[in-house]
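To start, the structure itself, in structure tokens.
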Protein chains: 2
Amino acid sequence: MTSRQNRRDRSDRGIPEATVARLPVYLRALTGLQERGVATVSSEELAAAAGVNSAKLRKDLSHLGSYGTRGVGYEVEYLVYQISRELGLTQDWVVAIIGVGNLGRALAGYGGFASRGFRVAALLDADESIVGEEIGGMTVRHIDRLEDVIADHGVSIAVIATPAAAAQGLCDRVVASGVTSVLNFAPVVLQVPDGVDVRKVDLSIELQILAFHEQRKAGGPDEYGPRPGQDAGHYVETVRRDARPGNGNGMTRAAEFTESAT
Amino acid sequence: MTSRQNRRDRSDRGIPEATVARLPVYLRALTGLQERGVATVSSEELAAAAGVNSAKLRKDLSHLGSYGTRGVGYEVEYLVYQISRELGLTQDWVVAIIGVGNLGRALAGYGGFASRGFRVAALLDADESIVGEEIGGMTVRHIDRLEDVIADHGVSIAVIATPAAAAQGLCDRVVASGVTSVLNFAPVVLQVPDGVDVRKVDLSIELQILAFHEQRKAGGPDEYGPRPGQDAGHYVETVRRDARPGNGNGMTRAAEFTESAT
DNA sequence: GGATGTGAACCGATTCACAGCC
DNA sequence: GGCTGTGAATCGGTTCACATCC
């Protein structure tokens, strides 16, 4: 504060990315406590509820400011507000959902959006048989209207929930319309200009990561684990063709164009 | 340094977590190339397709072994196979989807699963009006049958796509039935014993992270950045109540129990 | 020549451990 | 006495830059 070298005031702009990614988790834990009428919480308790350790929690919160009380803990309501403000949830964000398949519908009906300042203002799809349908009090518009809709509603975040093949083209269009934040559910790596943020949620990638770890469990952590015996550090080329892919289990089946859940 | 016995073979079991998380992305990029008939790819090209830089890609792949050819690049088909094997995708994984709302349906119909060795063997829900319904050639079973279904099909990965309130209880049940990998879409932090892996996909957290960055863009990086006006670094108690949450924009609205998209 | 594979330098994030304050 | 806030140590991951090999 006044005494020490500031310029890194609190409310510092440099919140680490890893911290930002956890703030929503803390916020959720806090609103849970709030609903149960808890007024004050220690870093230990909150950390447990959020699934992290307390040192990390304290460090994270320290990036926002000094909002706790030594010997006591954090005031729940106050911390909810501070985190909300930091994340930008005290203002409304206008969201458009592009692609109204099962996933798009799930997103449209998701209670967690509205309650956190996200207002879904438009649903768009290319499928004529869906256009006009009412979902959650909203009418599905045709994708041709994308640019109008973005401009009219002041959309600032686009959610892409289309098949992979359509995603990049639609992304280009929303970016051209001035949207700088995109949440992508389609299984493609979207290319965007600098200044545009893309976050990706990929259902099958998460499963693959689980499979990796699951595979290692089978046989016990140290059984098959360190892989004893053979193969101590030689990646000899002559061994390469021993087992061929692409036939037995369909790994080469075309997957990219049918994946998304629209 | 060498205090603990250090077995650093190739085909080392110690693939960094960050690398594991990217392997599915590389795999997807590679299968895309494969479908376009590309036989060989350089780290530069593959990195671009996967949205990472080439040094990182090479380092990542080096953890699997030495599968490239200097001066040439990587053979696509071979690399697809090696990554698949490393991730455990050359075997089949039996998946149960718990919660058959919009999200569960989206997941059930997701082509990206089957094509990568994930076999959805069961759909379960508590809602009697859904039980018995046919979805993607599968009949929805009642959640009471959970334990039977897991045992009968040898389920090894459970996907939880239920409302938040139901998630922990169901998680406990699948874990008790021997499942050690859980993919959680419900907006709660699941508590599980050691040895069980949980991965979480949270739709609203991703949006919140985008909102954070979007907020900072408005006004330019250093313009509005430090957020002038009120609250320049004093966490004085008397100021604390100046702006109240939880009325204007619904921050305190109960959110935890209605969020998931089921 | 041209690409991979990899030590070494670097950087950010996590954890430790304790000073500071209630 | 108890709990926060934070320097210092540590760890893991990224990037650099170049030796290595086809």
Side-chain angles (χ1 to χ4, degrees), chain A residues 1 3-6 8-23 25-26 38-48 50-76 78-79 82 233-238 240, chain B residues 1-4 6 8-23 25-26 38-48 50-76 78-79 82 233-237:
Chain A
M1 301 113 4
S3 48
R4 72 166 74 80
Q5 55 117 29
N6 37 29
R8 290 294 90 172
D9 277 29
R10 219 28 8 96
S11 103
D12 190 351
R13 290 306 88 183
I15 298 181
E17 196 51 38
T19 296
V20 172
R22 282 186 296 265
L23 290 179
V25 179
Y26 303 154
V38 177
T40 290
V41 68
S42 72
S43 65
E44 200 67 60
E45 295 162 334
L46 182 52
V52 302
N53 71 53
S54 63
K56 190 186 284 182
L57 175 85
R58 288 199 303 278
K59 181 73 95 179
D60 282 342
L61 294 183
S62 79
H63 292 297
L64 310 190
S66 205
Y67 295 145
T69 308
R70 289 164 203 245
V72 178
Y74 301 89
E75 196 196 327
V76 173
Y78 182 55
L79 199 49
Q82 289 299 343
H234 23 248
Y235 4 100
V236 192
E237 328 64 358
T238 53
R240 292 174 39 155
Chain B
M1 282 299 113
T2 46
S3 48
R4 290 152 304 156
N6 226 354
R8 299 279 91 169
D9 292 1
R10 203 35 356 96
S11 106
D12 188 353
R13 293 304 92 182
I15 298 181
E17 196 50 40
T19 296
V20 172
R22 284 187 295 265
L23 290 178
V25 179
Y26 302 155
V38 177
T40 291
V41 68
S42 70
S43 63
E44 200 68 59
E45 295 161 334
L46 181 53
V52 302
N53 71 53
S54 63
K56 189 186 284 181
L57 175 83
R58 289 199 302 278
K59 180 74 92 181
D60 281 342
L61 294 183
S62 79
H63 292 297
L64 311 190
S66 206
Y67 295 144
T69 308
R70 287 166 205 246
V72 178
Y74 301 89
E75 196 194 327
V76 173
Y78 182 54
L79 199 48
Q82 290 299 343
H234 21 249
Y235 5 99
V236 191
E237 312 80 304

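In this text, all values refer to a predicted model and were calculated from it rather than measured experimentally. By convention in this document, chain letters (A, B, ...) are assigned in the order of the sequence lines, proteins followed by strands, and residues within each chain are numbered from 1.
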**Message:** Please report the distance, rounded to the nearest Å, between CD in A:Q82 and P in D:dT4.
**Reply:** 17 Å

**Prompt:** Separation of B:L57 atom CG from D:dG13 atom P, in whole Å?
**Reply:** 16 Å

**Asked** What is the distance from CG of B:L79 to C1' of C:dT4, rounded to the nearest Å?
**Response** 12 Å

**Message:** From NZ of B:K56 over to C1' of C:dG7, roughly how many Å is that when rounded to an integer?
**Reply:** 19 Å

**Item:** CA sep, side-chain torsions, deciding dist, call: B:Y67, B:L61, side-chain contact (heavy atoms from CB on, under 4.5 Å)
**Value:** CA-CA 8 Å; B:Y67 295 144; B:L61 294 183; over 6 Å; no

**Asked** Can you tell me if CD on A:E17 sees more than 12 non-hydrogen neighbours from other groups inside 6.0 Å?
**Response** yes

**Request:** Mind listing the closest non-hydrogen atom pair of A:R22 and A:V52 along with its distance?
**Result:** CD-CG1, 4.1 Å

**Prompt:** Side-chain N or O of B:Y67 less than 4.0 angstrom from OP1 or OP2 on C:dA3?
**Reply:** no

**Request:** Might you work through the side-chain contact (heavy atoms from CB on, under 4.5 Å) test for A:S62 and A:R58, ending with a clear yes or no?
**Result:** CA-CA 6 Å; A:S62 79; A:R58 288 199 303 278; over 6 Å; no

**Asked** How close do B:L46 and B:V41 get, heavy atom to heavy atom, and via which atoms?
**Response** N-CG2, 3.7 Å

**Asked** Are any of A:S43's side-chain N or O atoms less than 4.0 Å away from OP1 or OP2 of D:dT4?
**Response** yes

**Prompt:** In Å, rounded to the nearest 0.5 Å, how long is the span from OG1 of A:T69 to OH of A:Y78?
**Reply:** 10.0 Å

**Request:** Could you pull out the closest heavy-atom pair between A:H63 and A:T19, with the gap in Å?
**Result:** CD2-OG1, 3.7 Å

**Prompt:** Please give, in whole Å, the distance from C:dA3 P to B:Y74 OH?
**Reply:** 12 Å

**Audit row: B:L64, B:L23, side-chain contact (heavy atoms from CB on, under 4.5 Å) steps and yes/no** = CA-CA 10 Å; B:L64 311 190; B:L23 290 178; 4.0 Å; yes

**Complete:** Judged by nearest nucleotide, the residue sitting upstream toward the 5' end of DNA chain C, A:P16 or A:A55, is A:P16

**Message:** From CG of B:N53 over to P of D:dT14, roughly how many Å is that when rounded to an integer?
**Reply:** 9 Å

**Asked** Mapping A:V72 and A:T19 onto DNA chain C by nearest heavy atom, which one lands closer to the 5' end?
**Response** A:T19

**Request:** Give the rounded distance in Å between these two atoms: NE2 of A:H63 and C1' of D:dG5.
**Result:** 11 Å

**Asked** What's the shortest heavy-atom distance between B:N53 and B:K56, and which atoms?
**Response** OD1-N, 2.9 Å

**Message:** Just N and O in the side chain of A:T69: are any of them under 4.0 Å from OP1 or OP2 of C:dC22?
**Reply:** no

**Prompt:** How far apart are the closest heavy atoms of A:Y26 and A:A50, and which atoms are they?
**Reply:** CD2-CB, 3.7 Å

**Message:** As a check on the pairing definition, encode DNA chain D in dot-bracket form, counting Watson-Crick and G-U wobble pairs whose two distances are under 3.5 Å, and using | for partners outside this strand.
**Reply:** ||||||||||||||||||||||

**Prompt:** Between D:dC3 and A:S42, is there an OP1 or OP2 to side-chain N/O distance shorter than 4.0 Å?
**Reply:** no

Filtered N/O pairs between nucleotides 18-21 of chain D and protein, under 3.5 Å:
unit_1	atom_1	unit_2	atom_2	d
D:dT20	O2	B:R70	NH1	2.5

**Fill in**
Separation of D:dT4 atom P from A:L61 atom CG, nearest Å, is 9 Å

**Message:** Applying a 4.0 Å non-hydrogen cut-off, can you work out what B:E17 is touching in the nucleic acid: base, sugar-phosphate, or nothing?
**Reply:** sugar-phosphate

